[in-house]
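Written out below as structure tokens is the structure these notes cover.
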There are 2 protein chains.
Amino acid sequence: MGDDTAVNPRHNKAEVFARLRDAHAREVTEDYVEMIGDLIAEEGEARSVALAERFGVTAATVNNTIKRLERDGFVTSRPYRSIFLTEKGETLAKKCRERHRIVYNFLVSIGIDPEIAEFDAEGIEHHVSEETLRVFEKVAKT
Amino acid sequence: MGDDTAVNPRHNKAEVFARLRDAHAREVTEDYVEMIGDLIAEEGEARSVALAERFGVTAATVNNTIKRLERDGFVTSRPYRSIFLTEKGETLAKKCRERHRIVYNFLVSIGIDPEIAEFDAEGIEHHVSEETLRVFEKVAKT
DNA sequence: TTTTAAAGTTAGTCAAGGCTAAATTGATTT
DNA sequence: AAATCAATTTAGCCTTGACTAACTTTAAAA
């Protein structure tokens with residue numbers, strides 16, 4: 001017993017699902033730092049009203065999330081002022097933007113409609129390993 | 001104003017994120033019905049101890065989830081007995097198994113290591129639109 | 001300068017999805 | 001038949017991420 005894994009890889013999937021739960025826990029953080037970065041680039045600053053509008057949630061929800069991001073060291077904010085990325089937040093945002101770009105370009109390169117690619121990339125990007133990302137990059141370059 | 005979307009598709013992403021939240025709400029349900037189907041196929045019945053082991057969560061968590069699935073009409077269960085899929089659950093399980101297969105085969109077909117493909121497919125499958133799934137299928141067949 | 005509108009905050013609620021600890025049930029052994 | 005062990009259930013707790021409603025602050029207009 002115990003070598004069930006070797007025999008049938010569909011057993012012992014606990015690790016896969018643990019990773020999945022981790023990925024999920026990071027999703028909101030990643031989407032927020034990415035969006036904050038975009039807003040700063042496009043509009044010069046990130047206001048919570050803009051975040052609420054772009055994510056389609058209420059201002060109260062944005063407030064909660066920003067507090068969490070601040071607690072976790074991704075952003076700084078002062079009451080009634082705009083939101084800034086920390087070094088850590090900046091780094092993550094950059095990584096996410098890059099990953100998003102790769103996934104989106106890959107999907108388009110295999111023939112998916114750009115609008116659908118935009119939808120799907122937003123969901124897929126959080127679940128793509130480094131290895132898979134490299135392959136996506138290579139395929140898209142072809 | 002209003003045609004912001006046409007000019008820059010990165011604005012007005014609220015819909016994308018709404019869809020993403022919907023997809024997330026369905027993930028656990030999909031993983032459970034798929035796993036319950038697997039267990040019935042492999043072991044003749046789905047016991048919560050097996051679900052707990054495969055997902056890497058506690059029995060209490062499985063119990064909560066099964067209650068939710070029952071409430072939503074995907075499974076039936078009686079205290080201290082095994083879990084059964086309803087018609088609705090069966091249908092969803094079949095769809096999910098098929099989609100998983102397509103995503104996995106696609107990833108392998110573009111050169112991703114089978115073990116990594118298994119990891120990534122588990123995350124990606126819930127975020128692939130019908131359109132993208134068709135393209136994946138076509139690419140994998142090539 | 002006062003008023004008002006927009007933006008941001010706070011408080012309280014809810015469901016999902018985790019957990020631990022304790023109680024119960026069912027099945028197996030002695 | 002009783003004891004024991006594994007499986008299941010229950011109760012209670014936590015965090016995330018959503019909401020509404022009410023309040024405060026800031027900025028803009030009158």
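The shown structure was predicted, so the numbers you read here are calculated from the model rather than taken from an experiment.
Screening residues 129-142 of chain B for salt bridge (Lys or Arg N to Asp or Glu O under 4.0 Å) gives B:E130-B:R134, B:R134-B:E137 as the qualifying pairs, with residues at least two apart or on separate chains. Within the structure, the ring pair (Phe, Tyr, Trp, His ring centres under 6.0 Å) test picks out no pair touching residues 59-92 of chain A (sequence neighbours left out).
Of the residues B:E34, B:E122, B:E30, the one that meets the salt bridge (charged side-chain N to carboxylate O under 4.0 Å, His left out) test with B:R99 is B:E30. For the salt bridge (charged side-chain N to carboxylate O under 4.0 Å, His left out) with B:D38, the lone residue among B:K94, B:R97, B:R54 that qualifies is B:R97.
Listed pair A:R47 / C:dG8 meets the phosphate criterion, a side-chain N or O lying under 4.0 Å from OP1 or OP2. In this structure, A:S48 does not reach the C:dA7 phosphate: none of its side-chain N or O atoms is under 4.0 Å from OP1 or OP2. Under 4.0 angstrom from either OP1 or OP2 of C:dT9 there lies at least one side-chain N or O belonging to A:N63.
Judged purely by atom type and a 3.5 angstrom limit, B:E70 uses its side chain to pair as donor or acceptor with the backbone of B:S77.
Distance A:K67 NZ to D:dT15 C1': 15 Å, rounded to the nearest Å. Rounded to whole angstrom, the span from the CG atom of A:L51 across to the C1' atom of C:dA7 amounts to 13 Å.
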Expected rows: protein N/O vs nucleotides 24-26 of chain D N/O, under 3.5 Å:
residue: D:dT24; atom: O2; partner: A:Y80; partner atom: OH; Å: 3.4
residue: D:dT25; atom: O4'; partner: A:Y80; partner atom: OH; Å: 3.4

Distances under 3.5 Å only, N/O to N/O: pair up the protein atoms with those of nucleotides 15-19 of chain C.
residue: C:dA16; atom: OP1; partner: B:R71; partner atom: NH1; Å: 3.3
residue: C:dA16; atom: OP1; partner: B:R71; partner atom: NH2; Å: 2.9
residue: C:dA16; atom: OP2; partner: B:R71; partner atom: NH1; Å: 3.3
residue: C:dG17; atom: OP2; partner: B:R68; partner atom: NE; Å: 2.7
residue: C:dG17; atom: OP2; partner: B:R68; partner atom: NH2; Å: 2.2
residue: C:dG17; atom: O5'; partner: B:R68; partner atom: NH2; Å: 3.4
residue: C:dC19; atom: OP2; partner: B:T58; partner atom: N; Å: 3.0
residue: C:dC19; atom: OP2; partner: B:T58; partner atom: OG1; Å: 3.1
residue: C:dC19; atom: OP2; partner: B:T61; partner atom: OG1; Å: 2.6

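By the side-chain hydrogen bond (donor to acceptor under 3.5 Å, both in side chains) test, A:E45 pairs with A:S82, sequence neighbours left out. Applying the side-chain hydrogen bond (donor to acceptor under 3.5 Å, both in side chains) rule to B:E27 yields the partners B:H127; only residues at least two apart in sequence or on another chain are considered.
Relative orientation of the A:F106 and A:F136 rings is parallel, given thresholds of 30° and 60° on the angle between their planes.
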